[in-house]
Amino acid sequence: MGDQLLPSTDTIFPLWGLVHTVAINPETGQRDQTFFMKLQDQLGVLTFASALDAEIYCQRLAAVGIDGWQRQRLERIDLARVMAPVPESERRLMLALGFFASDTNDLLLDDEQALIPPLLPVPFDMQHSLHGISQLYIDADVMSFVHQWWERIGGTSYPEQMHSLECWSDLTLSQCAAEALEKVKIISLTQYNQAWTSVGTTEECAVFAPESGTWQFSPLEGRRQRMVH
């Protein structure tokens with residue numbers, strides 16, 4: 001990554017976190033309960049570059065009885081508070097980029113029946129003004145990487161589709177996420193590993209394209225070796 005830092009509010013798309021509906025800091029009005037994800041030895045706040053991915057993730061949580069979570073603009077989450085126990089040099093955003101899928105075009109679930117997003121650990125800097133206002137800064141190259149990733153997984157028009165979500169109402173976005181979940185098969189990673197040997201399998205990523213109303217699947221490495229059902 002390069003050295004240029006951008007305020008999160010100046011990025012080419014907004015970033016989203018998850019908050020619990022009852023977790024409001026009465027002093028600031030900001031949300032201060034959110035999702036943490038661990039990737040190897042790194043711990044960070046689960047963050048979505050796509051409002052649609054965040055909504056799909058929340059709706060799946062609700063479907064398995066994990067209620068009360070909703071998407072929220074990242075700048076409205078009190079990151080300084082929730083990450084206070086973590087040394088500043090180790091603080092990360094775990095940027096979710098679509099969802100892991102099988103090469104049989106099923107979305108994969110973890111042991112808690114939640115969807116599994118590919119995660120990009122992103123360092124960030126919290127700068128504080130004299131007026132007590134905090135501003136989140138992230139590396140400018142992250143935005144370019146996400147744009148390229150979306151093109152690779154969803155096709156050349158996919159970044160534009162994600163940008164257009166800014167004009168959508170909450171109801172429209174919720175309906176699109178519900179449609180996406182209705183149109184895909186879902187299987188636990190454990191079940192998938194029991195059903196298939198590792199021979200011939202390919203790790204894939206999936207995103208939902210609102211324009212076509214279909215899921216787009218793409219192998220993360222190499223080519224798909226087995227015909228899908």
Side-chain angles (χ1 to χ4, degrees), residues 13 15-18 35 37 39 46-64 66 69 71 93-122 142-143 145-165 168 172-196 198 200-229:
F13 45 80
L15 299 177
W16 299 84
L18 302 186
F35 252 62
M37 301 290 279
L39 183 64
L46 178 60
T47 305
F48 293 86
S50 160
L52 180 57
D53 284 356
E55 184 67 25
I56 289 171
Y57 192 89
C58 287
Q59 289 193 19
R60 174 60 198 178
L61 290 178
V64 296
I66 306 176
W69 290 96
R71 60 187 171 81
L93 302 177
M94 291 298 181
L95 191 59
L97 301 170
F99 301 102
F100 275 123
S102 70
D103 53 1
T104 52
N105 285 11
D106 305 308
L107 296 189
L108 297 174
L109 301 172
D110 63 18
D111 292 339
E112 296 181 352
Q113 300 302 297
L115 295 170
I116 308 173
L119 298 174
L120 175 68
V122 177
V142 172
M143 302 300 112
F145 177 85
V146 172
H147 192 280
Q148 294 169 11
W149 178 273
W150 278 345
E151 285 191 337
R152 175 186 172 190
I153 305 298
T156 54
S157 69
Y158 194 75
E160 183 178 348
Q161 293 179 58
M162 293 301 95
H163 297 163
S164 71
L165 298 180
W168 287 26
T172 301
L173 193 65
S174 177
Q175 291 173 336
C176 184
E179 176 189 358
L181 287 169
E182 289 174 356
K183 288 184 172 181
V184 70
K185 295 183 178 180
I186 301 176
I187 187 173
S188 73
L189 182 59
T190 300
Q191 287 177 306
Y192 178 72
N193 289 336
Q194 290 173 346
W196 299 95
S198 60
T201 63
T202 305
E203 195 172 55
E204 304 211 7
C205 181
V207 294
F208 187 74
E211 192 175 76
S212 62
T214 60
W215 283 90
Q216 306 296 314
F217 296 83
S218 180
L220 296 181
E221 293 184 10
R223 295 183 176 182
R224 184 181 294 120
Q225 301 180 46
R226 189 169 55 225
M227 295 296 292
V228 299
H229 56 58

Hey, is the main chain of [Y] close enough, under 3.5 Å, to the side chain of [X] for a donor-acceptor pair?
| X | Y | answer |
| --- | --- | --- |
| Asp53 | Gly98 | yes |
| Trp215 | Ala180 | yes |
| Trp16 | Ala49 | no |
| Arg152 | His147 | no |

Side chains of [X] and [Y], heavy atoms from C-beta outward: is any pair under 4.5 Å?
| X | Y | result |
| --- | --- | --- |
| Val184 | Phe217 | yes |
| Arg60 | Leu109 | yes |
| Leu97 | Leu120 | yes |
| Leu220 | Ser218 | no |
| Cys205 | Phe100 | no |

Glu179: salt bridge (Lys or Arg N to Asp or Glu O under 4.0 Å) partners, not counting sequence neighbours: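 With sequence neighbours excluded, Glu179 shows a salt bridge (Lys or Arg N to Asp or Glu O under 4.0 Å) to Lys183, given in chain and number order.
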Could you tell me which non-hydrogen atom of [X] sits nearest to which non-hydrogen atom of [Y], and how far apart they are?
| X | Y | answer |
| --- | --- | --- |
| Ala96 | Leu46 | CB-CD1, 4.1 Å |
| Ala114 | Leu61 | CB-CD2, 3.9 Å |
| Ala209 | Tyr158 | CA-CE1, 3.8 Å |
| Gly154 | Val207 | CA-CG2, 3.8 Å |

Value rounded to 0.5 Å, distance of [atom1] in [X] from [atom2] in [Y]:
| X | Y | atom1 | atom2 | result |
| --- | --- | --- | --- | --- |
| Glu204 | Asp103 | CD | CG | 5.5 Å |
| Phe48 | Leu15 | CZ | CG | 11.5 Å |
| Phe99 | Ser50 | CZ | OG | 7.5 Å |
| Leu189 | Asp110 | CG | CG | 8.5 Å |
| Trp168 | Ser174 | CH2 | OG | 11.5 Å |
| Gln161 | Leu52 | CD | CG | 10.0 Å |

Check against side chain to side chain contact (heavy atoms under 4.5 Å, CB included), Leu181 and Gln59: CA-CA 8 Å; Leu181 287 169; Gln59 289 193 19; 3.7 Å; yes
Gln113 atom CD: more than 12 heavy-atom contacts under 6.0 Å: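 Check passes, neighbour count above 12.
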Thr214 and Gln216: CA distance, side-chain angles, deciding distance, side chain to side chain contact (heavy atoms under 4.5 Å, CB included) verdict: CA-CA 6 Å; Thr214 60; Gln216 306 296 314; 2.8 Å; yes
For a quick check under 3.5 Å, do [X] and [Y] share a side-chain donor-acceptor pair by atom type?
| X | Y | answer |
| --- | --- | --- |
| Glu151 | Ser157 | no |
| Thr190 | Ser188 | no |
| Ser164 | Glu160 | no |

Verdict with reasoning, Trp150 to Met162, per side chain to side chain contact (heavy atoms under 4.5 Å, CB included): CA-CA 9 Å; Trp150 278 345; Met162 293 301 95; 3.6 Å; yes
Leu115 and Leu108: CA distance, side-chain angles, deciding distance, side chain to side chain contact (heavy atoms under 4.5 Å, CB included) verdict: CA-CA 6 Å; Leu115 295 170; Leu108 297 174; over 6 Å; no
